[in-house]
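First up is the structure itself, then whatever we jot down about it.
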Number of protein chains: 2
Amino acid sequence: MAHAHPHAEASCKICAEEPPAALLAACRAAGLRRTHLLRRVLEILQRQSAPVSIRELSAARGVRDDCDPATLYRLLQRLEAKGLVRRIGLHERAAHYTLRRGHHHDYVVCRECGDVALLDMACPAQKLEREVGRRTGFKDVDHELQFYGVCPKCK
Amino acid sequence: MAHAHPHAEASCKICAEEPPAALLAACRAAGLRRTHLLRRVLEILQRQSAPVSIRELSAARGVRDDCDPATLYRLLQRLEAKGLVRRIGLHERAAHYTLRRGHHHDYVVCRECGDVALLDMACPAQKLEREVGRRTGFKDVDHELQFYGVCPKCK
DNA sequence: TTAGATGCAAACGATTTGCGCGGAA
DNA sequence: TTCCGCGCAAATCGTTTGCATCTAA
């Protein structure tokens with residue numbers, strides 16, 4: 001998938017920040033307008049290496065003044081449709097999002113507090129995507145792998 | 001995880017059916033009552049190798065007469081708490097459930113129609129659970145791996 | 001008899017939709 | 001000026017909770 005989007009194959013540790021300007025440019029190139037909310041969302045996503053929940057993004061507008069949920073959802077849908085952002089299930093009620101960087105990451109999720117930590121290790125599933133496609137006849141195979149456990153803080 | 005629950009390490013292909021009586025016995029041993037709904041739910045779960053959505057389980061009571069959602073959710077929670085059933089995210093709005101058989105399976109989900117197919121192949125993530133625990137300090141590590149793609153029917 | 005299950009109704013939280021207005025191109 | 005994106009309000013959908021009733025043990 002590295003070829004699918006124009007992001008640099010950053011040397012990770014864990015994911016070098018992309019300059020906001022480059023991100024904005026990519027968005028504009030994808031046909032999005034450079035709005036206030038877009039800037040804020042990109043800022044937040046870029047600052048976090050681990051997936052960010054919708055709730056956290058809701059604060060994008062500023063203190064004490066959450067942004068409109070409908071607008072936020074629509075923006076994220078657009079970003080996802082353009083391949084700029086990745087939506088992650090995490091087995092929680094609310095979805096999480098990350099910037100689509102040049103490479104793939106997996107996560108550990110705390111069963112107690114819901115905290116998400118980024119794993120910096122080779123993904124064992126990536127190489128199987130092709131095989132899964134061959135075995136099942138599915139096209140365009142992708143995957144999502146999460147580990148669940150209890151984080152140090154919770155016990 | 002094979003030791004965690006008293007299910008036989010069936011020779012798969014794909015997952016030999018367990019006799020309903022054995023399942024019921026396991027439930028009773030776990031402290032559940034052998035109610036009508038429990039029987040129906042077990043029947044359905046046992047018939048399907050792939051994860052079953054809540055919506056499908058809702059028909060558990062019979063034709064044209066869906067069972068009460070609250071009751072169903074509560075039953076599934078109990079089953080999951082006792083380790084008899086496994087809840088799976090699948091990145092969908094509604095949760096899916098499978099019987100916890102003696103061993104682990106992964107799935108391919110169609111991005112278009114939501115169909116879930118069971119994968120009968122060695123899981124590459126299982127052996128990493130321990131390593132993830134060591135690296136992150138998380139305890140009791142478990143995982144969930146899903147592949148996503150477009151199924152043959154959808155294109 | 002009695003703790004565990006059920007059914008119903010109502011509450012909740014996440015996500016979606018319709019619509020008129022405002023701002024980026 | 002023209003669309004795209006926004007804010008607001010209301011609708012949907014999945015899931016949870018409270019409570020009175022029922023029932024398997």
For a quick test of your reading: what N or O donor-acceptor pairs under 3.5 Å do the side chains of residues 148-155 of chain B make, sequence neighbours left out?
unit_1: B:Tyr148; atom_1: OH; unit_2: B:Gln146; atom_2: NE2; d: 3.1
unit_1: B:Lys153; atom_1: NZ; unit_2: B:Asp115; atom_2: OD2; d: 3.4

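One can place NE2 of A:His96 at 11 Å from P of C:dA14, the figure rounded to the nearest angstrom. Protein atom CG of B:Leu76 is 11 Å distant from nucleotide atom P of C:dT6, rounded to whole Å. Protein atom CZ of B:Arg87 is 6 Å distant from nucleotide atom P of D:dT15, rounded to whole Å. The distance between atom CZ of B:Arg28 and atom P of C:dG4, rounded to the nearest whole Å, is 17 Å. A:Leu32 has its CG atom 19 Å from the P atom of C:dG23, to the nearest Å. Straight-line distance from the CD atom of A:Glu80 to the C1' atom of C:dT15: 13 Å, rounded to whole Å. In this structure, the CG atom of B:Leu42 is 13 Å from the P atom of C:dA5, given to the nearest Å. Summarising the geometry, the separation between CG on A:Leu75 and P on D:dG7 is reported as 11 Å, rounded to the nearest angstrom.
Under the 4.5 Å side-chain criterion, counting only non-hydrogen atoms from C-beta, A:Ile44 is in contact with A:Leu57. Looking only at side-chain heavy atoms (C-beta outward), A:Leu24 and A:Leu38 come within less than 4.5 Å of each other. Between A:Val41 and A:Tyr97, every side-chain heavy-atom pair lies at or beyond the 4.5 Å cut-off.
Remark: the backbone N or O of B:Gln77 is not paired with any side-chain donor or acceptor of B:Glu80 at under 3.5 angstrom. Side-chain atoms of A:Glu144 come within 3.5 Å of backbone atoms of A:Gly89 as a donor-acceptor pair (strictly under, hydrogens ignored).
Within 3.5 Å, a donor on the side chain of B:Arg33 pairs with an acceptor on the base of C:dA3, or the reverse.
For C:dA14, the OP1/OP2 oxygens have no side-chain nitrogen or oxygen of B:Arg93 closer than 4.0 Å. OP1 or OP2 of D:dC6 lies within a sub-4.0 Å distance of a side-chain N or O belonging to A:Arg78. For the OP1/OP2 pair of C:dT6 and a distance below 4.0 Å, the side-chain nitrogens and oxygens of B:Thr35 include at least one atom meeting the criterion.
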Could you go through nucleotides 17-21 of chain C and list every protein N or O atom that sits under 3.5 Å from one of its N or O atoms, giving the distance for each pair?
unit_1: C:dG18; atom_1: O6; unit_2: A:Arg74; atom_2: NH1; d: 3.4
unit_1: C:dG18; atom_1: O6; unit_2: A:Arg74; atom_2: NH2; d: 2.8

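A:Leu38 comes within contact range of no nucleotide atom at all, as no heavy-atom separation falls under 4.0 Å.
Salt-bridge check for A:Asp120 with B:Arg135: failed, with every basic side-chain N at 4.0 Å or more from each acidic carboxylate O.
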